[in-house]
Amino acid sequence: MTAMRYRLLLPLIACLAAPGLPAAADPNAVGIVMKVTGETEPALPAREEIAANTKIKLSPGTELTFLHYPPRCELVTVAGGTLKVTKTDFTTDGEVKAQQDRPCPRVYQLSGTGGSWVARDLLRFSVDPELIFAGERGGQVVEAAIYEKGPADRLVYRLDLADRRAVPPSAAAPLTPNRHYVLKVTTSDESQPADYDFIAVASGNAEALVVLHVN
C-alpha cells in the first residue's frame, strides 16, 4: 500500500471465461500471430491479434504461424492462399505446413490511464513466464521487470524484451512456486511503471505463455 501512494497504476481486469480457462482479452480476438515471413493482406506483424472471421491473404511464398486461442489451442503454420480463423476452427486454400496442440495461453486485459489499481483476479504466471504484449499499446512497452513482493520490492530480473515478447534472461533461475511477485511494466508514454501483482505457479499447473492485452 505504501508504494501505491507514490505512483499511478493502470487498472487491471483479468478476463476469465471459466475457472482455469482464461478467455481472449479482446472478445473478438481468436488468435495471435507468432511468426510471419512475407506479405499478408491485411498486414499482420508478429504479436498481432487476429479478429474473428478475418480473411488473411498470404502472398506466394509467405508463411504465417498463429496460435489459436481457447478452446482450440493449436499452433498452426500456413503457407500461401487465404486464411480465415474463427473461434473454433480455421480454413485455408493454402498449405497447412504444421498443426500442433499447445497448452492454452492465459490472456489478460490491462486497461486504463491511471488512478487507483483494483485487481479483480490475481494474475498467475508460470515460474518461467513468457509474456506477449498485445493490443493497441502493446508496442509501447519499453521495459518489463519482475520484483519479489515485500515492504520494499526486490528486483529479481529484468525481462528480455523484443518485438512485444518478454522472457527471463537465459541465466535466470525459475521463480519460486506459490510466491507473490510484482510485474512492473513501463510504456513509452508513462514516466512511471505500472505494477501488477501475480503469483508464480509450477509449469505443470499453468501455461508458460501469457498474453497481456494493453489498451
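Contact check for Pro129 versus Ile146: side-chain heavy atoms found under the 4.5 Å cut-off. In this structure the side chain of Tyr69 never reaches within 4.5 angstrom of the side chain of Ile50, judged on heavy atoms. Side-chain contact between Ile56 and Leu58 is present, with at least one heavy-atom pair separated by less than 4.5 Å. Side-chain atoms of Thr92 and Val76, non-hydrogen and from C-beta on, never get closer than 4.5 Å to each other. Pro105 places none of its side-chain heavy atoms less than 4.5 Å from the side chain of Val210. A heavy-atom distance below 4.5 Å is found between the side chains of Lys87 and Pro71.
In this structure, CG in Leu123 is found 8.0 Å from CG in Asp197, a value given to the nearest 0.5 Å. Here the CG atom belonging to Leu209 is positioned 10.0 Å from the OG atom belonging to Ser126, to the nearest 0.5 angstrom. The structure places CZ of Arg137 at 4.0 Å from CG of Asp189, a figure rounded to the nearest 0.5 Å. Separation of atoms CG (Leu44) and OG1 (Thr62) is listed at 11.5 Å; rounding is to 0.5 Å. Here the straight-line distance linking atom CG of Asn28 with atom CD of Glu49 works out to 10.0 Å at 0.5 Å rounding. Going from atom CD of Glu143 over to atom OG1 of Thr187 covers 11.0 Å, rounded to the nearest 0.5 Å.
Ring centers of Tyr196 and Tyr108: at least 6.0 Å apart, outside the cut-off.
Residue pairs meeting the salt bridge (charged side-chain N to carboxylate O under 4.0 Å, His left out) criterion with at least one member in residues 65-84, sequence neighbours excluded: Arg72-Glu74, Arg72-Asp89. Sorted by first and then second residue, the ring-ring contact (aromatic ring centres under 6.0 Å, His included) pairs with a member in residues 130-171 form an empty list; sequence neighbours excluded. Every pair passing salt bridge (charged side-chain N to carboxylate O under 4.0 Å, His left out) that includes a residue from residues 52-70 is listed here, sequence neighbours excluded: Glu63-Lys97. Residue pairs meeting the side chain to side chain donor-acceptor pair (under 3.5 Å) criterion with at least one member in residues 30-48, sequence neighbours excluded, do not occur. Sorted by first and then second residue, the salt bridge (charged side-chain N to carboxylate O under 4.0 Å, His left out) pairs involving residues 161-181 (not counting sequence neighbours) are Glu130-Arg165, Glu148-Arg179.
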Step-by-step side-chain contact (heavy atoms from CB on, under 4.5 Å) determination, Leu175 to Phe125: CA-CA 10 Å; Leu175 302 176; Phe125 292 175; 5.7 Å; no
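Taking both residues in full, the closest heavy atoms of Ile32 and Ala134 are given as CD1-CB, 4.2 Å, listed atom of the first, atom of the second, then distance. Contact detail for Pro193 and Thr186: the closest heavy-atom pair is CB-OG1, 3.4 Å. Annotation for Pro70 and Cys104: closest pair CG-CB, 3.9 Å, computed over non-hydrogen atoms. Minimum heavy-atom separation, Ala52 to Val30: CB-CG1, 3.6 Å. Across Leu159 and Pro168, no two heavy atoms sit closer than the pair CD2-N, 3.6 Å. For the residue pair Val127 and Ala200, the shortest heavy atom distance occurs at CG1-CB, 4.1 Å.
Both Leu161 and Leu183 are part of a single hydrophobic cluster, where members link through side-chain heavy atoms under 4.5 Å apart. Cluster membership check: Val185 does not share its hydrophobic cluster with Val167, using side-chain heavy-atom separations under 4.5 Å among Ile, Leu, Val, Met, Phe, Trp and Tyr. Criterion: ILVMFWY side-chain heavy atoms under 4.5 Å apart, direct or through other members. Under it, Val142 and Val214 are not part of a common hydrophobic cluster.
For Asp93, the side-chain contact (heavy atoms from CB on, under 4.5 Å) test picks out Thr82, with sequence neighbours left out.
Of the possible donor and acceptor atoms, one in the side chain of His68 sits under 3.5 Å from a partner among the backbone N and O of Thr86.
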